[in-house]
Every structure is written in C-alpha cells, then in structure tokens.
Amino acid sequence: MCMTADPMVQGGGETVLHRVEARIKVVAMVTFVILTAGMSATPYLLAALGIIGLLAVIARMPVRLLAGRLALVVPFSVLMLVVLPFTVPGEGVALAELGPLALVATREGLLQAQVLALRLANGVLAASILTFLTPFPVLMNALRGLRVPPILVTLMEFTVRYLFVLADEARRMQLSRQARDFRPRGFLWHSWTMSTLAQMVGVLFIRSYTRADRVYQAMLARGFSGHQPVRAGARVKASDLCWGIGITAAALTLRMMEVGGGMWLQLLK
Amino acid sequence: MAAVIEVEDLYYRYRDGTQALQGLTLTIPTGARVAILGPNGAGKSTFLLHLNGIYLPQQGKVRLLGRSLDGKNARWAKSQVGLVFQDPDDQVFAGTVWEDVCFGPVNMGLDAGEVERRAGQALRAVGMEDLRTKAPHHLSYGQKKRVAIAGVLAMSPSVIVLDEPMAYLDPRGKDNLLAILTRLHRDGTTVVVATHDVDMAAEWAEKVIIIKEGRTLAEGSTDLLTDPALVEAAELRFPVVTQIFRRLGNMLPPPHPKRVEEAAQYLRTLLEGHHK
C-alpha cells in the first residue's frame, strides 16, 4: 500500500517465474485462460495443457499442490462429465443399463465431455499457477494496478480475510454444540438436526453482519474515506515483458492454429 | 493539568430507542492514564465512539483539545484520538500486517516516505517488526492485538483509547501490553482504557471514571475503587489487594491499599514496627 521497495509488491520468490512483475503475470495468465477456453480441438487443448505443465515445472510447483487444486473442481465438473455423454444426441458407442433404464453414450457426447474436462483443467491449473507464483496481497495490488474496479478487489480481500474468522466461529459453535451432545442424526427428514444447523447458519449470518459493522467503524476510526490507494508496482523489466509475451503468444499460436488448422491441412493436400 | 478531552452533558440515543448516554460529563486530563469503568451496557462503547467523531453528539458537547467536535472536524479528530477496538479481528482487516498498519497514515494523506517511517516505528513500538509480511489470520490473538495498537500508533494520536485491552490475553500478553501502555504514557500520550478489570485499573490508572446508565457516577483518583458505596452502586468489586485488607477488618486501620506495591509497603511498615 505504501512502500516503494516493498517486499509485498513482488513475491520475492525463488524461481524466475516468481520474479516476473505481478501485473504481467495476471495479464498473461488471464489471456491464456481466455484463449484456451475457446478452443475445442483435443490436440490443441492437450498442447495448452503441456504449456501449463512446462510453466509448473519452471515454477517448481509441487505436483501434489497441482493435483489438489484440480481435485477442488471435481465435485462441480463430475456431474456434467457423467451426464453429457448420455444426453448429447449422436452415434451410440456404449450402453449403460440401470435396471429397467438403458442409457446410450454417444461419440459426440464423449467428445464434448472430454473437451469440457480439458478446458476446465486448463483454466484451473493456470489459475493455480498464478496464485502459486503470486502471494495474495501482491495479486490484489496487481489487480488494483490493472484498474480492476476497487470495490471488486476490496471484496476479494475481505472475503479471504474474514473467511478464516468465520470458519473459526463456525468451528467454535460446532464444538460447543458437541459439548452439549448434539450430533447430526439424519438429513432433511430429521427436523431437529436441520433446525439446529439452520439456526447456526442464521447466527453466523447475523454475526458476520454485526462484525461488518464493527469492522467498518474501526476503519472509520482510522480515517477511512472510501478509497484505497494502489501501492506502486515494481518497474517492469524487459525480461518480465518477454515472459508475458511468451505465454500469451503460445496461447495465441495454438488458437490460431486451431482456427486455421482446417485451411492449412487443405493447403498441404 | 489542562484537559485534552472535555465531555459536557452528552446524550446519545440509538435508532432502536436505546438511550445509551444520558447527560455524560467528564474530563480527561492531558498526559494522564485514565481508566473508565462501569457495568455492561453503561454506555462505555457508545462514549468511546464519540471520542474521535464516529458518533457525533446528539445533545451536549465533546471538546477535543479545546475544539468542539462536529461533522467538520471529525476527520481531524481521528488523527488526534486513536481507537483500539476490543476484538482485533474487527480492526485488523488488511491482507498483511504491514498494509494494516499503513492504513491509517495513508488515510491521513501522508506521503509514502512518512507512511513507511511511521508504520515501521509503530511496529517496532509493539515488537512486531519481524512479522510485517504475515497475514493477520496466521497471528496469535495477542499478536493481532499488538498489530491493532500499531495501526493506531502509526497515526501519532495525542490520545489513545483502548476498549477492554486485557481481555483474552495470556499473562505474558498482559504484561507486554502494560509495558506498551506505560511507554506510550511516558512519551507523552494520554492513554484511556475502558475496562471491567478493577485490578488493572487500581494498578495502572492515575484517574478513574465510573459510569453507569449513560451518566458519570464518579471521577477521581483510584481511591474511588475502595469506596464501598460506589463499588456497590457501580456493580464493581474491590481490587483483590483491597479485599484482603478488608477481610482483616479492624486489625488494620484504613485507608486500605489497593495496589500490590502499596500493600507490600504497608506490610513492611507494619512488620518493622512489630519487630522493634
């Protein structure tokens, strides 16, 4: 927020990628995701995944961390990946029999599921690498530097800051419920369990609401007037630009090749 | 001693109808160590929010350094009176310790060099300079409390007000905090503490202000804490040291000591007299 030679403007960081200026990293990775999310040919998506892998290697990102991030989106994506092959019309390739139901998986459906999975993996992994390379405060400052609306950045910062407080509160409440021998004894059909949990959610909402009030008062007490200034970013060096342009160019090349792929193939014939 | 803060007949009513302050009148002398005591719901927190212009008087006056607070000088008041809230999680909101301590000075519109100088100084004053890049949620409660204090110190206020500063701190944390407050006071800052901790008030304060139901019940020296009628009326209790001497009743003539050091001195004189 205020230093020029600020350890938090730059991650410090151990690899050459860590040291790339934060704004460049943000722009490069976001562009990468936008470009690759639009691709629909499996070989090019795989190539993009390869680039991501290469970046992860250069950044010395632990494989377990990457896998963990990927696992985070599994619950959201699995449903779609399972449903798509059976709902997209096309040439049947496999049959699943569920009792009286016979479901046909189509080639088109499988292909769509595969493309979707690859796009998702690309996006999630690119974002993970960005957050791995850039400490959160640095990332937020970079967003401010890139003129992302301040209210959005502030919202993200507060979410991360108070998520932990809220989780702590929830844990304490859970413990004190357990201390009085409460245990979930069923799901929607068990009204005692549900009403207790609903009350807890309600109390959490009210507490965060009143806490928000107190946080705001404490900010006013230190003269907050509505805007938070941007900490000056580090000087952008030529090597930073090279990395940024390199990553963007790689994604752009893949996209162009995919768009023009058909044409080139015809020219070659 | 001139007064840094004078409160005259202050009234404040919340929108839900709660009449929090009803004619509060008190004086905070410049450079003093002041403890404000009173039962829950006495209006302490409401009063504290008046001290730097977050709440403005609905009736009555709050004078800070001779200037009556109103909407126009509320910003100035914030740089003069630093408020440390009870729960540091309410106050320390930024992503890192350093950013949080810079928050106040930046709001004051200081230039980058000055902000940096002040933040560094404030963090050193509370012994947190090594943890400047940490995220608040990785700190202990006592550390967060010290960051909260640093965030206010960085604004170089002439008065620093702490709401229940000792709550939830471990013994070492309490000692650290007392040492910080003592240092601040020595360097010329007026330190005001709102607390339920009568032992802390007895040990530390020069002036005690007791409020109840939005009015001042009494203000004066720490002797007030040993006044039975007042302790009863304010729903307080005697300091532990005083309790011991009161138990001994007629054997020991009043005035009874209230601080550990006073008690030791009292006993020393007593014992020396006995041996002669």
Side-chain angles (χ1 to χ4, degrees), chain A residues 1-13 131 134-144 153-169 171-172 207-232, chain B residues 45 48-49 51-55 74-79 81-120 132-138 144 148 151-152 154-155 157 161 163:
Chain A
M1 192 185 289
C2 42
M3 290 174 85
T4 37
D6 192 329
M8 283 167 296
V9 166
Q10 213 60 309
T131 51
T134 329
F136 184 72
V138 181
L139 192 61
M140 291 301 110
N141 192 57
L143 290 181
R144 283 211 175 85
V153 183
T154 308
L155 266 176
M156 280 189 261
E157 283 177 329
F158 274 82
T159 306
V160 167
R161 168 69 180 89
Y162 286 100
L163 207 57
F164 293 90
V165 176
L166 207 65
D168 264 0
E169 240 162 39
R171 208 170 304 127
R172 282 200 300 274
R207 283 202 193 172
S208 27
Y209 180 77
T210 55
R211 184 183 292 279
D213 245 11
R214 294 196 302 273
V215 170
Y216 185 58
Q217 274 178 351
M219 290 172 80
L220 289 179
R222 287 197 279 163
F224 182 64
S225 53
H227 77 284
Q228 258 172 300
V230 189
R231 194 168 29 191
Chain B
S45 302
L48 297 187
L49 291 171
L51 288 179
N52 72 356
I54 293 182
Y55 288 175
R75 257 200 89 192
W76 164 80
K78 285 171 183 106
S79 67
V81 179
L83 227 53
V84 180
F85 287 72
Q86 179 173 351
D87 184 349
D89 275 323
D90 289 343
Q91 188 171 334
V92 180
F93 71 93
T96 63
V97 168
W98 180 258
E99 279 181 280
D100 195 80
V101 177
C102 289
F103 179 72
V106 169
N107 287 331
M108 288 167 74
L110 302 171
D111 65 75
E114 178 64 10
V115 169
E116 191 179 332
R117 195 185 64 74
R118 285 189 179 201
R132 64 209 302 248
T133 56
K134 284 266 186 191
H137 54 262
H138 289 143
K144 274 189 266 195
V152 164
M155 301 173 77
V161 182
D163 191 3

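All values derive from a computational prediction rather than experimental measurement. Convention: sequence-line order gives letters A, B, ...; per-chain numbering from 1.
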Engaged part of B:D111 at the chain A interface, taking heavy atoms whose separation is under 4.5 Å:
neither
Examine whether an atom of A:M140 lies under 4.5 Å from a heavy atom of chain B, and if so say whether it belongs to the side chain, the backbone or both; otherwise answer neither.
neither
Okay, B:D89 and chain A: the region with an atom under 4.5 Å from a heavy atom over there is both
Chain A: which of B:G109, B:G95, B:P136, B:A74 shares the most heavy-atom pairs with it under 4.5 Å?
B:P136
Basic-acidic side-chain contact under 4.0 Å: A:R144, A:E157:
yes
What part of B:L110 is in contact with chain A, defined as an atom under 4.5 angstrom from a non-hydrogen atom: side chain, backbone, both or neither?
neither
Taking C-beta and beyond as the side chain, do B:K78 and A:R222 meet within less than 4.5 Å on heavy atoms?
no
With sequence neighbours excluded, what pairs up with A:F136 under the ring pair (Phe, Tyr, Trp, His ring centres under 6.0 Å) test?
none
Any side-chain to backbone donor/acceptor pair from B:D100 onto B:F93? Under 3.5 Å, distance only.
yes
Does any heavy atom of chain A fall under 4.5 Å from the side chain of B:M108, the backbone, both, or neither of them?
neither
What part of A:Y162 gets closer than 4.5 Å to chain B, counting heavy atoms only: side chain, backbone, both or neither?
side chain
Would you confirm whether A:N141, through its side chain, and A:P137, through its main-chain N or O, come within 3.5 Å as a donor-acceptor pair?
no
Salt bridge (charged side-chain N to carboxylate O under 4.0 Å, His left out) partners for A:R171, two or more places apart
A:D168
Contact summary for A:A218 and B:D90, nearest pair of heavy atoms
CB-O, 3.7 Å
Checked B:V92, B:L49, B:L51, B:V81 vs chain A; the most non-hydrogen pairs under 4.5 Å come from B:V92
Largest heavy-atom contact set with chain B, pairs under 4.5 Å, which of A:S225, A:A212, A:A221:
A:A221
